[in-house]
Protein chains: 2
Amino acid sequence: MTPLTPSAAVSPGRAAASEARKQRIRDAALSLFSQFGLRGASLDAIANQAGVSKTNLLYYFPSKEKLYISVLQQILNTWLEPIRAIDADQSPEAAINHYIRIKVELSRDHVQASRLFCLEMIQGAPLLKEELHSDLRALVEEKSKVIEGWIAHGSLLPVDPHHLIYLLWGTTQHYADFAVQIEAISGKTLADPEFFEATVDNIQRIVLGGLLPRPKES
Amino acid sequence: MTPLTPSAAVSPGRAAASEARKQRIRDAALSLFSQFGLRGASLDAIANQAGVSKTNLLYYFPSKEKLYISVLQQILNTWLEPIRAIDADQSPEAAINHYIRIKVELSRDHVQASRLFCLEMIQGAPLLKEELHSDLRALVEEKSKVIEGWIAHGSLLPVDPHHLIYLLWGTTQHYADFAVQIEAISGKTLADPEFFEATVDNIQRIVLGGLLPRPKES
DNA sequence: AGACTGTCAGACCATTTGGTCCAACCAGAA
DNA sequence: TTCTGGTTGGACCAAATGGTCTGACAGTCT
């Protein structure tokens, strides 16, 4: 379980206890929502896993959907952090290498968050659509400019920045969402440091260097 | 309706009609399961969308889980087809280019299947785990040998075949599962032929040629 | 024609679900 | 102590859900 909020303890421990309770509920909710979706997870099960009564859960979060949104909100920020770090001052090689590593770390440390995010997307992101169209879109547009700058400068081969970003998202996310499949085939998880490094290294090598020995000029 | 194949079936029109009904149910089930998962989709909703009564649905599929498995089974074969096509006789360039195209086509033409597959993976693939460990694993192992052959032959730069396959899976799958996100950002879908071609082309270019202009060292 | 069999739907049931109500608890202010 | 307002849980409810039962209708076989 990996809580996403840095809870700074407040004045009296009494109020902090309830905040801790809220967080326990959110953690349990993340665990179950990420497994069964909004409709598939029951409040009973969440309350049970959090070790509180259902009434108590509904005291803190007035409805199931409110709880779901609260959990999702907590995820979103963490999720977009890596792409914000992309900066024109870096070399494309360093920036992309770093981005890949951070993203694979996310897939390792926040599997459930990754999955819940994926679930929400699959369902058409009814609760995030707005933010996708505004915040995320603007962010991607901004970083696309950076990438295009690199290309114009000749330090990156011509590529559509959008598709590059999708490729990076898809690849790294895959290691969290399809962990079962990967474990079935490779017998390893990102929790294994060696496998983690191999993952980062291989993605970096393919994306930056490509697979073909000599770059075919066209 | 006149049956096109007057084979020696017991009752040609009747059997065909019921099979069509079964398929309509499976289609509706795929549509709803892929959106809400096994637990999130109700039999009522599925029957309703298929245009049959719930009783009729349960007549053809004795339980919800049986229906789910039946749908999943139909998907699996289609899903593994592209990787089967990878062949040592082809050049790696041709093979990988072809694989990427086929896989993006799958993401375009079978969005719901892709999503249901993804959902199942996220939940830990309780119903597919066996086949992942046996069939899929063997298949991947076999194709990894082919890739390693290419590398030994010097027609492919050294890379872990597993991670290459994961990258291809993740990237292509992403266009189906995260279509909402992609549409929010790029404003296009794979249904748009231009966007489809751009997708295929960019993935091919990145994977085969890499991003960096010229490797200064090897 | 009549019996048989496969196909289909409406009524029904037990369980689970999200959510409400009310009574009780418990720390601190008076 | 008593009062008070935030906090907590057991009992409860209406709706939805997966699944069963009974019976009807339509072809087919004798």
Side-chain angles (χ1 to χ4, degrees), chain A residues 7 9-33 35-72 119 123 126-127, chain B residues 1-3 6-33 35-72 123 126-127:
Chain A
S7 67
V10 214
S11 38
R14 297 82 187 151
S18 86
E19 185 50 42
R21 222 161 222 248
K22 263 180 110 166
Q23 193 52 45
R24 272 227 314 283
I25 294 174
R26 263 192 292 248
D27 288 342
L30 172 57
S31 164
L32 288 171
F33 280 146
Q35 231 180 118
F36 304 110
L38 171 57
R39 304 167 83 145
S42 76
L43 289 183
D44 276 303
I46 296 172
N48 190 51
Q49 176 158 333
V52 305
S53 72
K54 195 173 64 172
T55 318
N56 193 224
L57 186 159
L58 283 163
Y59 170 73
Y60 286 116
F61 302 92
S63 78
K64 193 190 193 183
E65 193 171 301
K66 289 277 174 55
L67 170 60
Y68 185 76
I69 291 177
S70 170
V71 171
L72 220 52
L119 269 180
Q123 288 181 12
L127 300 169
Chain B
M1 289 292 177
T2 43
S7 58
V10 185
S11 55
R14 217 60 198 152
S18 86
E19 185 50 43
R21 223 160 221 250
K22 264 182 106 166
Q23 194 52 45
R24 272 225 315 283
I25 295 174
R26 262 191 294 248
D27 289 343
L30 171 57
S31 164
L32 288 171
F33 280 146
Q35 228 180 122
F36 305 110
L38 171 57
R39 303 167 83 144
S42 76
L43 289 183
D44 276 302
I46 296 172
N48 191 49
Q49 176 158 332
V52 304
S53 72
K54 194 172 68 170
T55 318
N56 193 223
L57 186 159
L58 284 163
Y59 170 73
Y60 287 115
F61 303 93
S63 79
K64 194 189 195 185
E65 194 172 302
K66 289 278 174 57
L67 170 59
Y68 185 76
I69 291 178
S70 170
V71 171
L72 219 52
Q123 288 181 12
L127 299 168

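So that the names make sense, note that chain A is the first sequence line, chain B the second, and so on, each numbered from 1.
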Please report, rounded to the nearest Å, how far the [atom2] atom of [N] is from the [atom1] atom of [X].
X     : N      : atom1 : atom2 : answer
B:L38 : C:dT16 : CG    : P     : 16 Å
B:I25 : C:dT7  : CD1   : P     : 12 Å
B:Y68 : D:dG18 : OH    : P     : 14 Å
A:L43 : D:dA14 : CG    : P     : 19 Å
A:D44 : C:dT16 : CG    : P     : 10 Å
A:K64 : D:dA16 : NZ    : P     : 14 Å
A:N48 : C:dT17 : CG    : P     : 11 Å
A:K22 : D:dG6  : NZ    : P     : 14 Å

Checklist entry - How many angstroms lie between CG in A:L32 and CD1 in A:I46, if you round to the nearest 0.5 Å? => result 5.5 Å
Item to check | Spacing of CZ belonging to B:F36 relative to CG belonging to A:L119, to within rounding of 0.5 Å | outcome: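 Interatomic distance, B:F36 CZ to A:L119 CG, rounded to 0.5 Å: 12.0 Å.
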Next on the checklist: One pair to check against side-chain contact (heavy atoms from CB on, under 4.5 Å): A:L67 and A:F33. What are the steps and the verdict?
Outcome noted: CA-CA 10 Å; A:L67 170 60; A:F33 280 146; 4.1 Å; yes
Checklist entry - Which comes earlier along DNA chain C counting from the 5' end, the contact point of B:G51 or that of A:R39, where each point is its nearest nucleotide? => result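 The residue whose closest nucleotide sits nearer the 5' end is B:G51.
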Checklist entry - Do A:Y60 and A:V52 touch side chain to side chain, with heavy atoms closer than 4.5 Å? => result no
Checklist entry - Any side-chain heavy atom of B:Y59 sitting closer than 4.5 Å to one from B:S53? => result no
Name the nucleic acid region contacted by [X], choosing base, sugar-phosphate or nothing; use a 4.0 angstrom heavy-atom cut-off, strictly under.
X     : value
A:A45 : nothing
A:A41 : sugar-phosphate
B:S42 : sugar-phosphate

Next on the checklist: Is there a side-chain contact between B:R21 and the phosphate of C:dG6, meaning an N or O under 4.0 Å from OP1 or OP2?
Outcome noted: no
Next on the checklist: With the threshold set at under 4.0 Å for non-hydrogen atoms, list the residues of residues 54-62 of chain B touching DNA chain C in residue-number order.
Outcome noted: B:T55, B:N56, B:Y59, B:Y60
Checklist entry - With sequence neighbours excluded, what pairs up with B:D27 under the salt bridge (charged side-chain N to carboxylate O under 4.0 Å, His left out) test? => result none
Item to check | B:K64 (side chain) donor-acceptor with B:L38 (main chain) under 3.5 angstrom | outcome: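 Looks like yes, one N/O pair under 3.5 Å.
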